[in-house]
Amino acid sequence: MPFIAALIGYVTKRVAIEMMFRPLEFVGIRPFLGWQGVLPANAERMATTATDMLTTNLVDPQEIFARLDPEQVAKEIEQPLLRVVEDVTREVMETYQPRLWEMLPSGAQQLLLKRVQAEAPRAITKIMREISRNIEDVLDLKHMVVTNLVRDKALLNRLIRDISRPEMRFIARSGIWFGFVLGCVQLLVWSLTKSPIVLPLFGLGIGWLTDWLALKMIFLPREPKRFFGFYTWQGVFQKRRDEVAADYGDMIAREIITVPNLLEAVLRGPKSDRLFSLISREVQKTIDAQASVVKPFVAIAVGTKRFQEMKQVAAAKAAERVPDTIRHAETYAVNALDVRNTIVDRMRRLSPLEFEQLLRPAFRQDEWKLIAVGAVIGGLVGELQALLLLG
């Protein structure tokens with residue numbers, strides 16, 4: 001009986017752990033006959049909770065983006081930027097007034113291109129400074145993180161599972177020892193009573209109690225505490241603070257707050273219209289300032305209204321090329337933003353309660369389901385054990 005109880009303890013833990021993460025999508029007949037992993041089923045709530053912690057305590061967008069040197073960004077993308085300026089200028093001129101562009105002397109064409117190209121890095125520097133000072137006007141970091149985690153449920157699973165693997169192992173292995181101890185009690189009670197109800201009741205109790213106790217021991221106590229005067233215990237998750245901080249920082253920097261994701265959020269997020277307004281304004285200013293050599297010819301040939309439209313199209317085309325252009329500064333941006341080390345350092349300074357909130361929300365609201373499943377499995381195994389003994 002103690003060995004079967006140990007098996008019940010282990011199996012119920014493994015099942016509970018897998019039910020947290022699998023399957024990613026609902027399997028069965030909606031709404032009640034079936035199952036979806038606890039985390040994937042509550043992806044938006046879990047992602048929002050994790051993001052609140054991230055954006056409130058760990059990452060300040062204003063501080064992070066202030067580390068970017070606008071002049072260095074402009075330097076990193078200078079060559080691809082010059083190509084973009086030339087391509088956009090030619091495309092717009094050839095679209096709106098191909099004959100005029102062809103009729104312009106080669107020297108005038110080159111002068112226009114060189115003047116706009118010379119001003120482009122300064123315009124980029126100015127745009128980057130404005131973005132850095134007002135990053136929250138163009139980037140909704142919370143929306144970006146939640147969107148990515150909800151869209152990629154496997155990523156949300158990894159975020160929780162990868163940083164809590166030792167805790168998951170502890171849960172499973174603790175079931176063996178807790179189950180064995182309770183199995184010894186079960187054996188004593190069975191020996192005294194020979195009652196068939198003892199086995200399923202103990203099986204249910206072992207499944208419930210060992211799940212509940214293991215989950216509590218992950219997080220509590222938050223500080224090392226002595227028991228019985230000689231045994232010291234601290235929640236497994238709390239004890240691994242430095243290791244968890246390193247793993248969490250690595251994953252956030254590698255898969256969530258990445259330069260491509262930030263670019264995507266800035267260029268296509270809910271505040272992207274503000275960025276495009278900024279780019280459009282600066283591009284049009286640059287064109288006005290540097291195109292004086294051909295502006296009279298163009299304005300006369302196409303009309304003032306048409307000329308304004310040309311500037312808007314040029315700004316839109318330039319904005320479309322921003323992602324490919326800015327990626328040339330990705331290596332510099334990753335090192336300058338230093339997201340990983342920032343998160344690790346801030347995590348190590350969290351209070352025990354704040355630190356617990358990194359992982360606890362994944363368990364708290366639905367942990368009763370996992371405990372209930374453990375109890376049901378334990379009860380069924382106990383019933384089977386009783387049938388075998390009495391049969």
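Please read these numbers as outputs of a predicted model, since none were measured by experiment.
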Taking the side chain as everything from C-beta on, heavy atoms only, tell me whether [X] gets closer than 4.5 Å to [Y].
X	Y	answer
I252	L159	yes
L141	T51	no
L156	P40	no

Could I get the full list of side chain to side chain donor-acceptor pair (under 3.5 Å) partners for [X], not counting sequence neighbours?
X	value
R349	D345
S351	E354
R169	none
T342	R67

Please list, chain by chain and in numerical order, all residues satisfying salt bridge (charged side-chain N to carboxylate O under 4.0 Å, His left out) with [X], sequence neighbours excluded.
X	value
R165	D162
R348	D242
R240	E167, E243

List in chain and number order the residues that pass side-chain contact (heavy atoms from CB on, under 4.5 Å) with [X], two or more places apart in sequence or in another chain; answer none if no residue qualifies.
X	answer
K225	P221, F227
D60	Q62, E63
E255	L155, R158, M251

### Axial cation check for F355 ring with R241, 6.0 Å and 45° limits
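Flagged: R241 positioned over aromatic ring of F355.
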
So, the side chain of [X] versus the backbone of [Y]: is there a donor-acceptor pair under 3.5 Å, distance only?
X	Y	answer
W35	P23	no
N148	M144	yes
Y10	W177	no
Q36	V27	no

### Query
According to the side chain to side chain donor-acceptor pair (under 3.5 Å) rule, which pairs have a member within residues 19-33, sequence neighbours left out?
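Residue pairs with at least one partner in residues 19-33: E18-R22.
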
### Task
May I have all residue pairs that pass ring pair (Phe, Tyr, Trp, His ring centres under 6.0 Å) and include part of residues 126-170, sequence neighbours excluded?
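Those involving residues 126-170 are F170-W233.
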
